[in-house]
Undergrad: 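Can you read through this structure? Questions will come right after.
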Amino acid sequence: MHYLGPMQNQPTSAAAPRSESEAPAPRTGSIAARAMAAARPAAAYLDNLNPEQRDAILTIEGPLLVLAGAGTGKTRVLTTRIAHILATGQAFPSQILAVTFTNKAAREMKERIGHLVGGAVEGMPWLGTFHSIGVKLLRRHAELVGLRSDFTILDTDDQIRLLKQQIQAEGLDEKRWPARQLAGLIDGWKNKGLAPKDIPEGDARFFGNGRGRELYAGYQDRLKVLNAVDFGDLLTETLRLFRENPDVLADYQRRFRFILVDEYQDTNVVQYLWLRLLAQGSRNICCVGDDDQSIYGWRGAEVDNILRFEKDFPGAKVVRLERNYRSTAHILASASHLIAHNEARLGKTLFTESDDPDAEKVRVAAAWDSEEEARSIGDAIERLQRRGASLDEVAILVRASFQMREFEDRFVTLGVPYRVVGGPRFYERLEIRDAIAYFRLVSQPADDLAFERIVNTPRRGIGDATVQMLHAYARANRVPLTEAAANMLETEEIKGKARSGLREVMASLGRWRGQIDALSHIELAELILDESGYTAMWQNDRSAEAPGRLENLKELIRSMQDFESLAGFLEHISLVMDRDGADGAEAVSIMTLHSAKGLEFDDVFLPGWEEGLFPHQRALDESGRAGLEEERRLAYVGLTRARKRAYVWFASNRRIHGSWQSSIPSRFLDELPAAHVEVVDQGSSYGGYARSTYGAYGESRFDRAQSFSSSYDTPGWQRAKAARAAGAGTGVPPVRTGPKVIEGELIARSVVGGEARFAVGARVFHQKFGYGAVFSVDGNKLTVDFDKAGRKKVVDSFVDEA
DNA sequence: TAATAGAAAATTTTT
DNA sequence: TTTTCTATTA
């Protein structure tokens with residue numbers, strides 16, 4: 001897709017500081033700057049970097065793409081690079097734009113820079129997420145895009161409710177045309193930077209009897225009336241601001257002497273356009289990312305952005321970080337071999353210099369069903385624990401969140417502490433959102449969505465009918481709902497319970513507003529929750545969740561203490577949906593593969609490698625080959641989270657939505673390199689092949705144990721025995737079990753001192769080191785005398801016959 | 001208006 | 001299986 005031409009060249013020297021805050025920093029590359037840098041003794045922060053990292057940090061000028069494989073020190077490069085720019089005086093903190101995707105990443109980066117520069121930097125005003133920087137820009141220039149600077153930011157929930165109204169207004173059937181789906185479409189359009197007029201005809205036709213475009217346009221109008229933006233707008237409106245106001249753009253182009261982007265593979269079209277505009281100023285843009293870890297395509301991320309970098313930014317330099325400091329050679333080889341099945345990639349080969357002779361191969365194991373999978377993994381984790389492993393270093397990474405449950409159940413029974421990472425987030429909880437709606441309404445009387453949310457929570461006898469009347473009045477008179485309510489109370493239109501209820505809320509709201517200045521925001525918050533009857537509502541609720549909800553409300557009040565005012569708090573939570581949790585005791589982490597990106601553990605369990613689940617059927621159906629490749633990247637992300645050991649599991653039967661379904665092993669299992677994988681039977685119950693022949697429905701676990709010997713009388717078992725016999729004399733301890741045959745096919749053979757792929761003296765070729773001759777062979781590890789690179793130890797899967 | 005019973009639908013989710 | 005929404009009824 002060529003929707004864009006290459007970036008225009010602009011002279012670097014155009015930068016001319018204008019305001020005080022942009023006081024002259026030494027001109028990039030000026031003689032003075034270079035002299036300063038040269039005169040300085042080699043800075044401590046540059047110690048212990050490998051040559052590629054150093055290159056990425058010291059290449060300050062011009063566009064630079066850092067392709068950073070998993071575990072290659074990406075964050076270190078990014079932070080050190082900023083520290084370097086600051087330390088050599090090439091820019092002030094306020095002249096560096098550094099964008100990340102998550103608040104967590106932004107926070108970490110700030111901290112690490114602080115450490116590197118010795119805390120001398122007073123924050124970096126332009127280090128943050130795309131969205132938070134967008135908010136900052138929009139608040140400054142709100143009037144230029146038709147907003148007031150106190151605009152509110154809607155979350156997904158508000159968005160959906162608004163769209164639902166839009167759909168109703170168009171007279172469409174809500175069931176046939178779910179608001180959720182429309183929200184998804186609009187998000188998609190915004191990610192691509194498409195305004196209502198720009199969306200493709202096909203897309204517009206697709207939804208709501210061809211009224212997609214009208215719905216989108218109507219929604220945008222409504223947002224403007226509400227003085228509100230959604231998450232997508234934070235990016236699209238900023239882009240519009242720059243495009244329609246060249247003077248504003250020029251100002252920021254001058255300001256940002258250096259631009260750094262984290263996780264570039266996850267940028268979407270708008271973000272890309274936004275960066276490209278800003279980068280036309282200094283041309284000093286450095287993007288760090290890994291095309292093999294692009295797993296958010298379904299959210300609009302364009303892998304293409306990273307694949308096309310050199311075309312978009314002519315003269316760009318590309319640095320590859322391939323030296324992995326995290327995982328064992330077996331894990332790296334497995335991950336690399338797997339990801340090599342993808343076509344759309346720039347191609348990197350991770351390697352490690354560590355050659356731990358005790359490193360364990362990636363294990364693949366089968367279970368009869370998902371319960372057994374959970375049981376066996378639970379047992380394995382207990383074994384690790386007994387061996388003294390820290391549970392903090394153990395993670396279970398699942399494809400879909402419904403898989404988590406079985407593990408949770410199992411851990412509860414075993415008494416193994418665990419923590420679910422991700423999942424429903426604090427500020428998204430019902431009670432928290434209700435409370436926040438109250439706060440929002442007090443600080444912003446025109447917030448219609450907040451009003452709707454709480455008018456009848458707790459119950460005040462104000463039902464749908466009343467709310468509809470308010471809506472009609474509000475629309476007819478173009479006033480916010482609060483005002484409509486106030487006016488209608490003057491008339492006789494609303495009667496009975498609804499009238500008294502409404503009168504009561506309106507009086508309370510007025511009272512609370514009057515106390516904004518008199519009370520601290522904490523006291524006010526407590527007062528609101530108390531007087532509104534909201535706390536009482538949950539106290540009277542005898543359901544199981546009620547106490548937890550009250551606890552969460554307390555937690556909400558507590559977290560408000562970190563802020564100066566109600567407004568400041570509301571701003572924060574609209575962007576940061578997560579609370580930075582203070583992690584308590586040691587526990588196993590359970591999370592989705594998506595939320596595991598960027599983390600690492602000693603032991604990683606990867607359950608559920610079955611066709612349909614992983615790769616997920618829907619990814620295949622909806623995005624075909626691209627979908628499959630993204631799933632494969634997800635598998636790659638999963639494997640590369642492991643430092644020491646990775647365990648891949650699949651179950652032949654899985655319960656999905658209550659009914660049992662049988663499944664076949666994931667194709668990704670076949671894509672693992674046999675030499676680095678050991679297929680194990682965890683000793684739990686049965687041979688997979690035999691299982692399917694015996695059709696063991698209704699069998700008890702005990703029965704399975706009895707059929708043990710006969711179940712191994714399979715071709716696979718024969719092969720296993722042969723393999724074991726072959727390995728017997730080599731001094732390698734015999735493995736407990738042999739290869740497992742699944743659905744009659746050998747997916748991966750455990751090589752127990754098996755035939756070496758290369759003989760001493762053989763000519764080989766290595767991606768990185770070139771041609772060479774094998775000097776010695778040790779299992780799957782080779783020592784090779786490379787013609788150019790000298791003697792290196794490498795894993796055999798990395799070399800080919802020359 | 002509120003409570004309740006029954007039906008339909010349930011990837012991944014940085015902001 | 002479980003949750004969430006909708007339609008029905010008091």
Side-chain angles (χ1 to χ4, degrees), chain A residues 99-107 128-135 153-156 159-160 164 173-175 178-181 183-184 187 190-191 229-235 262-263 265-268 270-271 293-301 397-406 409 421-425 427-428 430 456 458-467 495-498 501 545 572-578 591-599 608 612-623 627 630-631 633-635 637-638 654-660:
Chain A
V99 275
T100 63
F101 276 82
T102 63
N103 291 299
K104 193 170 155 227
R107 206 162 45 228
T129 62
F130 276 101
H131 293 83
S132 63
I133 288 169
V135 174
I153 302 163
L154 302 189
D155 55 38
T156 331
Q159 199 186 354
I160 296 214
K164 199 173 261 177
D173 180 8
E174 288 169 74
K175 274 168 85 178
R180 209 161 261 293
Q181 193 186 353
D187 263 356
K190 287 188 177 175
N191 286 152
V229 293
D230 63 19
F231 281 128
D233 287 336
L234 293 178
L235 306 172
D262 191 16
E263 307 276 18
Q265 77 282 353
D266 288 338
T267 49
N268 60 33
V270 198
Q271 286 160 336
Q293 291 190 67
S294 162
I295 53 175
Y296 284 104
W298 52 275
R299 271 186 122 271
L397 309 182
V398 298
R399 173 69 248 265
S401 42
F402 76 82
Q403 291 172 264
M404 293 181 180
R405 191 177 189 123
E406 251 154 337
D409 288 350
V421 179
R425 283 176 299 163
Y427 294 118
E428 277 170 5
L430 176 90
N456 201 32
R459 301 257 131 88
R460 298 189 176 91
I462 303 162
D464 263 3
T466 315
V467 175
K495 298 180 192 67
K497 237 179 163 179
E545 316 87 82
H572 170 79
I573 59 169
S574 60
L575 286 174
V576 182
M577 292 303 278
D578 238 341
M591 66 186 98
T592 63
L593 286 161
H594 284 92
S595 34
K597 194 167 76 160
L599 305 176
L613 175 60
F614 193 34
H616 201 281
Q617 194 55 48
R618 230 157 118 175
L620 302 180
D621 292 347
E622 283 169 18
S623 318
E630 182 153 315
E631 295 287 294
R633 291 194 289 267
L634 206 44
V637 168
R654 188 171 289 279
R655 191 162 40 186
I656 296 174
H657 309 321
S659 59
W660 286 96

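Sequence lines set the chain letters: A, B, ... in the order given, protein chains first and strands last, and positions in each chain run from 1.
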Undergrad: Glycosidic conformation of B:dT11, syn or anti, with 90° from 0 as the boundary?
TA: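 Classified syn.
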
Undergrad: For residues A:Trp298 and A:Glu622, determine if any side-chain heavy atom of one lies less than 4.5 Å from a side-chain heavy atom of the other.
TA: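 A:Trp298 does not reach A:Glu622 side chain to side chain.
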
Undergrad: So, is A:Ser401 close to the B:dT12 phosphate, meaning a side-chain N or O under 4.0 Å from OP1 or OP2?
TA: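 Result: yes.
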
Undergrad: Hey, is A:His657 doing a stacking thing with B:dA9, by the 5.5 Å centroid and 30° angle criteria?
TA: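 Stacking between A:His657 and B:dA9: absent.
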
Undergrad: Does B:dT13 have OP1 or OP2 sitting under 4.0 Å from an N or O in the side chain of A:Thr592?
TA: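 Indeed, a polar side-chain atom of A:Thr592 lies that close.
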
Undergrad: Is there a donor on the side chain of A:Arg299 or the base of B:dT15 sitting less than 3.5 Å from an acceptor on the other?
TA: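 Result: at least one qualifying N/O pair found.
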
Undergrad: By a 5.5 angstrom centroid cut-off and a 30 degree plane limit, is there stacking between A:Trp298 and B:dT12?
TA: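 A:Trp298 ring centre within cut-off of B:dT12 base, planes near parallel; stacks.
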
Undergrad: Side-chain contact test, heavy atoms from C-beta onward, threshold under 4.5 Å: evaluate it for A:Phe402 versus A:Leu613 and give yes or no.
TA: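 A side-chain contact exists here, since the closest heavy-atom pair is under 4.5 Å.
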
Undergrad: Determine: side-chain N/O of A:Asn268 to OP1/OP2 of B:dT14, distance under 4.0 Å, yes or no.
TA: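 Answer no for this pair, as no side-chain N or O of A:Asn268 is under 4.0 Å from OP1 or OP2.
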
Undergrad: Do any side-chain nitrogens or oxygens of A:Arg459 fall under 4.0 Å of OP1 or OP2 in B:dA3?
TA: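 Yes.
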
Undergrad: Where the side chain of A:His594 is concerned, which of B:dT15, B:dT13, B:dT11 is the nearest nucleotide?
TA: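 Nearest listed nucleotide: B:dT13.
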
Undergrad: Would you indicate which nucleotide in B:dT15, B:dT11, C:dT2 comes nearest to any side-chain atom of A:Asn103?
TA: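 Ranking B:dT15, B:dT11, C:dT2 by closest atom to the A:Asn103 side chain puts B:dT15 first.
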
Undergrad: Could you tell me how far apart A:Ile656 (CD1) and C:dT3 (P) are, to the nearest whole angstrom?
TA: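 Interatomic distance, CD1 of A:Ile656 to P of C:dT3: 18 Å.
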
Undergrad: Taking any heavy-atom pair under 4.0 Å as a contact, classify A:Phe130: base, sugar-phosphate, or nothing.
TA: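 If one applies the 4.0 Å heavy-atom cut-off, A:Phe130 turns out to touch nothing in the nucleic acid.
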
Undergrad: What is the distance, to the nearest angstrom, from the CG atom on A:Leu575 to the P atom on B:dT13?
TA: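 So the two atoms are 20 Å apart, to the nearest Å.
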
Undergrad: Look through every strand shown and name the nucleotide pairing with B:dT14 as Watson-Crick or G-U wobble, where both distances are under 3.5 Å.
TA: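 Looking at the geometry, B:dT14 pairs with no nucleotide.
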
Undergrad: Within a reach of under 6.0 Å around CG of A:Asp464, are more than 12 heavy atoms found that belong to other residues, nucleotides or ligands?
TA: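 No - once you tally the heavy atoms of other residues, nucleotides and ligands closer than 6.0 Å, there are 12 at most.
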
Undergrad: Would you say B:dT1 has OP1 or OP2 under 4.0 Å from some side-chain N or O of A:Asn456?
TA: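 So the side chain of A:Asn456 is outside the cut-off, no N or O lying under 4.0 Å from OP1 or OP2 of B:dT1.
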
Undergrad: A:Asp262 CG to B:dT15 P: how many Å, rounded?
TA: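 So the two atoms are 13 Å apart, to the nearest Å.
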
Undergrad: Test your reading of the model: is there a side-chain donor-acceptor pair from A:Gln403 to the backbone of A:Ala400, 3.5 Å cut-off?
TA: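 Checking the backbone N and O of A:Ala400 against the side chain of A:Gln403, a donor-acceptor pair under 3.5 Å is found.
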
Undergrad: Describe the nucleic acid contact of A:Ala619 in one word from base, sugar-phosphate, nothing, applying a heavy-atom distance below 4.0 Å.
TA: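 Here A:Ala619 touches the bases of the nucleic acid.
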
Undergrad: A:Gln159 vs A:Asp187, test: side-chain contact (heavy atoms from CB on, under 4.5 Å). Steps then yes/no.
TA: CA-CA 10 Å; A:Gln159 199 186 354; A:Asp187 263 356; 3.7 Å; yes

Undergrad: I need the CG-P distance between A:Leu613 and B:dT12, as an integer number of Å.
TA: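 After rounding, the reported distance stands at 10 Å.
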
Undergrad: Whole-Å distance between B:dT14 C1' and A:Glu428 CD?
TA: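 It is 12 Å, rounded to the nearest whole Å.
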
Undergrad: What contact category does A:Glu630 fall into here, base, sugar-phosphate, or nothing, at under 4.0 angstrom with non-hydrogen atoms?
TA: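 A:Glu630: no heavy atom of the nucleic acid under 4.0 Å.
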
Undergrad: Taking CG from A:Asp266 and P from B:dT15, how many angstroms apart are they, rounded to a whole number?
TA: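 So the CG-P distance, A:Asp266 to B:dT15, works out to 12 Å.
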
Undergrad: Using a cut-off of strictly less than 4.0 Å, decide whether A:Thr466 has a side-chain nitrogen or oxygen near OP1 or OP2 of B:dT1.
TA: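 Checking A:Thr466 against B:dT1: at least one side-chain N or O falls below 4.0 Å of OP1 or OP2.
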
Undergrad: Using the six-membered ring for Trp and the full ring for Phe, Tyr or His, decide whether A:His616 stacks on the six-membered base ring of B:dT11 (centres under 5.5 Å, planes under 30°).
TA: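 Per 5.5 Å and 30° rule: yes, stacked.
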
Undergrad: Would a 4.5 Å heavy-atom cut-off, applied to side chains only, mark A:Leu593 and A:Val637 as touching?
TA: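 The answer is no, as the side chains (C-beta and beyond) never meet within the 4.5 Å cut-off.
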
Undergrad: Once you round it to whole Å, what is the distance between P of B:dT11 and CZ of A:Arg633?
TA: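 Result: 21 Å.
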
Undergrad: Quick one: on DNA chain B, does A:Leu634 or A:Asp464 contact a more 5' nucleotide (nearest heavy atom)?
TA: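 This one resolves to A:Asp464.
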
Undergrad: Less than 4.5 Å apart, side chain to side chain, heavy atoms only: is that true for A:His572 and A:Leu575?
TA: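 Contact flag for A:His572/A:Leu575 side chains = no.
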
Undergrad: Name the residue closer to the 5' end of DNA chain B, choosing between A:Val467 and A:Glu622 according to the nucleotide with the nearest heavy atom.
TA: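 Nearest-nucleotide comparison on DNA chain B picks A:Val467.
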
Undergrad: Could you give the OH-to-C1' distance, from A:Tyr296 to B:dT12, as a whole number of Å?
TA: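 It is 7 Å, rounded to the nearest whole Å.
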
Undergrad: Given B:dT15, B:dT11, B:dT12, identify the nucleotide with an atom nearest to the side chain of A:Thr102.
TA: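 So the side chain of A:Thr102 is nearest to B:dT15.
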
